[in-house]
Each structure stands twice: as structure tokens, then as C-alpha cells.
Amino acid sequence: MNAVVRKVIIIGSGPAGFTAALYAARANLKPLVFAGIKWGGQLMLTTDVENYPGFVEGILGPKLMENFRHQAERFGAEILAEDVTAVDFKSRPFSVSAGAKTYKSQAVIIATGAETNWLGLPNEQKLIGRGVSSCAPCDAWFFKDKKVVVVGGGDSAMEEALTLTKFASEVSVIHRRDEFRASKIMIDRAKKNGKISFILNSVVVDVLGKDKVSGVKIENVGDNSEKELAIDGMFVAIGHSPLTKIFEGEMALDKKGYVVKKPLLGEGSARYNMMTSVEGVFVAGDVHDYHYRQAVTAAGFGCMAAMEAEKWLEAQE
Ligand SMILES: Cc1cc2nc3c(=O)[nH]c(=O)nc-3n(C[C@H](O)[C@H](O)[C@H](O)COP(=O)(O)OP(=O)(O)OC[C@H]3O[C@@H](n4cnc5c(N)ncnc54)[C@H](O)[C@@H]3O)c2cc1C
């Protein structure tokens, strides 16, 4: 017996995936959402979210994602708590497999996000949202007149440090080498900022604090000496990893593994926004956007992907 062919399958359940699900459900496309075993995305890791519009007093990250989920479910989105383990985009309808089961769909929206590369320290995970962060535009506000460190040596570390200087009293950039990967212009900008100092040839070996961050333990990689620094916040800026392993060989990914969106204009362009190198496969959120990385932009991309998928499906009929 042939499997039921869905109109749209959505892979991922962060702000992008659930917004795509909401719009697809309200367009009567009866979306099937693979939420993953860790449903809800990156906001499940944090505490207060104060920059998501509509919540004057802010909202807890997990509560916000629960709301996203219930709103999509209210309009009929079907949500499975399973990880997609393989896809076949070579022929239509597309195949999406979760374990031993394979599902067919005319269109697919990829919204699997990008994970922060954390340092892997003993206390780090339990202090996320309690002084440990990876997003200065999200959390700098919480560190007014406080001391913070940024770990990393690339452009994003410099950018995080510069953003933090708008609120924090002192920002120390901790980097394992004595040279930075960051561009000269970003290093110069950081060096010119009176609030930023640099701790080089050093690695953070532990983040201290019980309920909130109170300090970091740093090791000098030259002489292995250790010291503790009293601080209120640690921002990890050593990169992100897009969750795209299952799409390798099925579609265009860039050299860092992010899904490539086809341009709308010019040679080889797509007629539909948010379309990937595979006609009928759309993308939304941090899995393709390494620039903004915000819940509201991810949600916006989810809305766009669902609306474009709807238009594309109509044109197929
Ligand atoms: C600690 C922290 C604090 C933050 N604070 C803020 C903030 O205050 N404000 C703000 O705007 N942004 C904040 N951000 C950034 C924000 O969380 C992200 O920009 C946003 O979550 C991206 O949404 P997304 O839907 O693209 O991806 P994600 O939220 O990463 O969601 C992707 C989902 O897809 C699932 N998935 C992955 N692979 C599969 C698969 N194979 N099968 C099924 N499911 C899969 C994942 O498990 C995950 O649930 C914060 C991020 C972090 C880490």
C-alpha cells in the first residue's frame, strides 16, 4: 500500500518550525512537524526572554515555546516528538524518515536550527540563563554595570564584546592564543573601546557559582597557572553548529554546513523565497541564518517559508 503523501512536513520545533507550522496549519495544509526529541529549540535553555515582541514584562523561554507549540496545535498541526534520521530529496514526493518509519511529502520546510558550541565545562549547562549566555544582543541588558567575560577570538567574539560594553562596566575577552582570528577592523574597534581588556593564551577551565555566575577559573596555557576572576556573566562566542548532517548530499550546504537559500534574483534564481537548492524544499531560521540568530527573526522566516510553500504547492496543482 502506498504511504499517505502529506502536503508539508516541517523538520524542527524552535520559533521557526512552530511558526511555519502555525501558518501552514492555518492555510489548511495539515502540516506534520518533527519536533525532535529535544523539542522547543534553543529558547528551552534560557530563562527570561525580554526582546520577543508582545510580552511587555518578558517571558520565560520554555513558556514562550510552549505557547508557540499550543498555538500551532490549536489549528491542527500534528507534532511528533521524533528526530528525523534521513531524508531523500532526489525525487518527489520527498521522503522523510524517523527511525524505521518513512513519510512522504510534497513540500518540506527545514527548521532544525544551529546549536551553540559551548565550552563543555562542568557547571556551564546548569548556569545557562543564569549568567552564562551565547547571545549578547539577547542578554547584554541583564549585565548593566556588571563585569563579564567573552570567550573566543573571532569576529563574533569581538562583536559580542562590543555589544556588551553598552551595558557592562568591564568586558574581558579571553582567548586561548595570542593572536585573533577576528578581522583587523573588529580587533581595532575592540582595542579602542576603553571597557574591553584582553586575557590571552588562556582558557576557561570552570565557571563558578551556584544559582548564578560568580566567577571563572582561568588557566594560562603557557605555564599552566590558574587564577579566578570574579565576574557576573560569561558569554561563549566560539561558534555555532547548524544541525544539517542529515541533509548532506541531498541539497546545497555552505562550507560551515548551513543550508543555502536560493537567491530570488539573478542566474539560477528561485521564484519562491526561502527555497533551497531543491525545488519544493524550503528553509527557515538559524539553520540558514547565521547573521541575526534571534527568536523573532527565526519566527519571521518560519512564516515566510510556510507562505512560500503554500504558493508553490498551489502552483503544482
Ligand atoms: C542561551 C540562549 C539564550 C537566547 N536568548 C534569546 C533571547 O533572549 N531572544 C532571542 O530572540 N533569541 C535568543 N536566543 C537565540 C534563539 O534561541 C534562536 O535564534 C532561535 O531559537 C532560533 O530558532 P530556530 O527555530 O531557527 O532554531 P532552534 O531554536 O535551534 O530550534 C531547532 C529545533 O529543531 C530540532 N531539530 C534539530 N534537528 C532535528 C531533526 N533531525 N529532527 C527533528 N528535529 C530536529 C532541535 O532539536 C530544535 O528543537 C538565545 C539562544 C541561546 C542559546
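Read the numbers this way: they start at 1 and go in the same order the structure lists the ligands and their atoms. Only this structure's heavy atoms are used, side chains among them; waters, hydrogens and symmetry mates stay out.
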**OP:** Determine the interplanar angle of the F282 and W312 rings, folded into 0 to 90°, and report it as parallel if under 30°, tilted if 30 to 60°, perpendicular if over 60°.
**Re:**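 Aromatic pair F282/W312 classed perpendicular.
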**OP:** Give me the ring orientation class for F18 and F68: parallel if the planes are under 30° apart, tilted from 30 to 60°, perpendicular past 60°.
**Re:**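 F18 vs F68 ring planes: tilted.
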Do NZ/NE/NH1/NH2 and the carboxylate oxygens of [X] and [Y] come within less than 4.0 Å?
{"X": "K63", "Y": "E66", "value": "yes"}
{"X": "K184", "Y": "D188", "value": "yes"}
{"X": "R271", "Y": "E279", "value": "no"}
{"X": "E308", "Y": "K311", "value": "yes"}
{"X": "E78", "Y": "R6", "value": "yes"}

Side chain, backbone, both or neither: which part of [X] has a heavy atom under 4.0 Å from ligand 1?
{"X": "A35", "answer": "backbone"}
{"X": "T112", "answer": "both"}
{"X": "I37", "answer": "neither"}
{"X": "D286", "answer": "both"}
{"X": "E82", "answer": "backbone"}
{"X": "A111", "answer": "backbone"}

Taking [X] for the side chain and [Y] for the main chain, is one N or O donor matched with an acceptor at less than 3.5 Å?
{"X": "Q42", "Y": "A114", "result": "yes"}
{"X": "S95", "Y": "D88", "result": "no"}
{"X": "T297", "Y": "Q294", "result": "yes"}

If you have a sec, work out which protein heavy atom is nearest [atom] and how many Å separate them, to one decimal?
{"atom": "atom 46 (C) of ligand 1", "result": "K38 O, 4.0 Å"}
{"atom": "atom 25 (O) of ligand 1", "result": "A16 N, 2.9 Å"}
{"atom": "atom 41 (N) of ligand 1", "result": "V84 O, 3.1 Å"}
{"atom": "atom 34 (O) of ligand 1", "result": "G12 CA, 3.2 Å"}
{"atom": "atom 30 (O) of ligand 1", "result": "Q42 NE2, 3.3 Å"}
{"atom": "atom 1 (C) of ligand 1", "result": "I128 CG2, 3.6 Å"}
{"atom": "atom 8 (O) of ligand 1", "result": "C138 CB, 3.3 Å"}
{"atom": "atom 48 (C) of ligand 1", "result": "G41 CA, 3.5 Å"}

**OP:** Please check if any side-chain donor atom of N117 sits under 3.5 Å from a side-chain acceptor atom of S241, or the reverse.
**Re:**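 S241 and N117 do have a side-chain donor-acceptor pair below 3.5 Å.
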Does atom [atom1] of [X] have more than 12 heavy-atom neighbours, drawn from other residues, nucleotides or ligands, at distances under 6.0 Å?
{"X": "R130", "atom1": "CZ", "answer": "no"}
{"X": "K90", "atom1": "NZ", "answer": "yes"}
{"X": "F142", "atom1": "CZ", "answer": "yes"}

**OP:** Would you please test M275 and V281 for side-chain contact (heavy atoms from CB on, under 4.5 Å) and show each step?
**Re:** CA-CA 6 Å; M275 198 178 258; V281 178; over 6 Å; no
If you take the nearest heavy atom of each of [options], which one is closest to [atom]?
{"atom": "atom 9 (N) of ligand 1", "options": "I11, L45, I110, N51", "result": "N51"}
{"atom": "atom 33 (C) of ligand 1", "options": "S13, A81, G113", "result": "S13"}
{"atom": "atom 21 (O) of ligand 1", "options": "P53, P137, G14, P15", "result": "P15"}

Subject >> Any N/O pair W39/ligand 1 closer than 3.5 Å >> reply: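 In this structure, W39 places no N or O atom under 3.5 Å from an N or O of ligand 1.
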Subject >> Distance-only N or O hit between ligand 1 and Q294, under 3.5 Å >> reply: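 Among all N and O atoms of Q294, at least one is under 3.5 Å from an N or O of ligand 1.
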Which ligand 1 atoms are under 4.0 Å away from a heavy-atom of [X]?
{"X": "T116", "answer": "53 (C)"}
{"X": "D83", "answer": "42 (N), 43 (C)"}
{"X": "G36", "answer": "43 (C), 44 (N)"}
{"X": "A295", "answer": "10 (C), 11 (O), 12 (N), 19 (O)"}
{"X": "F34", "answer": "43 (C), 44 (N)"}
{"X": "I246", "answer": "41 (N)"}
{"X": "R293", "answer": "15 (C), 19 (O)"}
{"X": "T46", "answer": "3 (C)"}

Subject >> F94 ring center near F89 ring center (under 6.0 Å) >> reply: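 Yes - the distance between ring centres of F94 and F89 falls below the 6.0 Å cut-off.
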Original post:
Should G40 be listed as contacting ligand 1, given a heavy-atom distance under 4.0 Å as the test?
Top reply: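 Yes; G40 lies near enough to ligand 1 that a heavy-atom distance drops under 4.0 Å.
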